[in-house]
Amino acid sequence: MASEYKAVAITTIFLSLMAVQLSYVRVAAASWCVARSDAISPALQTALDYACGAGADCSPIQSSGLCFLPNTIQAHASYAFNSYYQRKANAPGSCNFGGTATVAETDPS
């Protein structure tokens, strides 16, 4: 019986310590890299080509891809920019693309 109380006490202490530790964990705010609405198409195309060649996963925005539609330079650039940005772990400077991109704090989808 005493060992059962000891086990309960140890479990309670452990869970209390875990709760305290979790209260100090900061959750990073989610962010997305999207094409600027005022960016001109030729600049977006250049930046899109760069992103796709530099590590973004652009297969979903190919004509047979699941994210091809809407078939606009703005949508495709936003997809590629965000893919690159996420693959770079949201690193500072990884969402610029010659001034054609910006970081969004709200989910653009």
Side-chain angles (χ1 to χ4, degrees):
M1 193 85 142
S3 64
E4 288 176 25
Y5 289 121
K6 213 182 254 188
V8 169
I10 290 172
T11 301
T12 302
I13 291 169
F14 175 76
L15 291 175
S16 297
L17 288 173
M18 290 301 295
V20 168
Q21 285 180 340
L22 288 175
S23 68
Y24 288 105
V25 174
R26 291 188 60 197
V27 177
S31 61
W32 296 262
C33 183
V34 296
R36 293 176 50 99
S37 60
D38 61 347
I40 60 173
S41 292
L44 282 174
Q45 186 63 59
T46 299
L48 170 62
D49 293 342
Y50 171 80
C52 291
D57 176 12
C58 294
S59 58
I61 57 175
Q62 300 302 313
S63 60
S64 61
L66 294 175
C67 297
F68 179 71
L69 297 175
N71 182 17
T72 66
I73 187 68
Q74 188 84 21
H76 289 187
S78 288
Y79 186 94
F81 294 172
N82 191 55
S83 174
Y84 180 89
Y85 180 65
Q86 300 302 326
R87 286 181 174 217
K88 298 295 181 183
N90 305 14
S94 64
C95 180
N96 185 329
F97 300 98
T100 63
T102 188
V103 174
E105 301 282 326
T106 55
D107 187 348
S109 57

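We're numbering straight along the sequence, starting at 1.
- Closest of all the heavy-atom pairs between Cys95 and Ala101 is SG-CB, 3.9 Å.
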Discussion item. Please determine whether side-chain contact (heavy atoms from CB on, under 4.5 Å) holds for the pair Arg87 and Asp57, giving the CA-CA distance in whole Å, both sets of side-chain angles, and the decisive distance to 0.1 Å.
Written reply: CA-CA 9 Å; Arg87 286 181 174 217; Asp57 176 12; 3.2 Å; yes
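- Between the His76 side chain and the Leu48 main chain, no donor and acceptor come within less than 3.5 Å of each other.
- Under a hydrophobic-cluster definition in which Ile, Leu, Val, Met, Phe, Trp and Tyr are linked whenever side-chain heavy atoms come within less than 4.5 Å, directly or via other members, Phe81 and Val103 are assigned to different clusters.
- The hydrophobic cluster containing Ile61 does not contain Tyr85, counting ILVMFWY residues as joined when their side-chain heavy atoms lie under 4.5 angstrom apart, directly or transitively.
- Smallest separation of non-hydrogen atoms from Asn82 and Cys33: OD1-N, 3.0 Å.
- Although no hydrogens or angles enter the test, the distance criterion places no donor-acceptor pair under 3.5 Å between the side chain of Ser31 and the main chain of Glu105.
- With Ser94 contributing its side chain and Asn90 its backbone, the two residues share no donor-acceptor pair below 3.5 Å.
- Atom SG of residue Cys58 and atom CG of residue Asp49 lie 9.0 Å apart, to the nearest 0.5 angstrom.
- Under the 4.5 Å side-chain heavy-atom criterion for grouping Ile, Leu, Val, Met, Phe, Trp and Tyr, Val34 is not connected to Ile73 through any hydrophobic cluster.
- Checked against side-chain hydrogen bond (donor to acceptor under 3.5 Å, both in side chains), Asp38 has the following partners two or more places apart in sequence or in another chain: Arg36.
- In terms of heavy-atom proximity, Cys52 sits nearest to Ala80 at SG-CB, 4.1 Å.
- No donor-acceptor pair closer than 3.5 Å links the side chain of Thr100 to the backbone N or O of Ala39.
- When atom types are taken as modelled, the side chain of Gln62 and the backbone of Phe68 share no donor-acceptor pair closer than 3.5 angstrom.
- The shortest heavy-atom contact between Ala51 and Tyr84 is O-CD1, 4.3 Å.
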Discussion item. With side-chain contact (heavy atoms from CB on, under 4.5 Å) as the criterion, how do Trp32 and Asp107 come out once you've worked through the C-alpha distance, each side chain's angles and the decisive distance to 0.1 Å?
Written reply: CA-CA 7 Å; Trp32 296 262; Asp107 187 348; 3.7 Å; yes
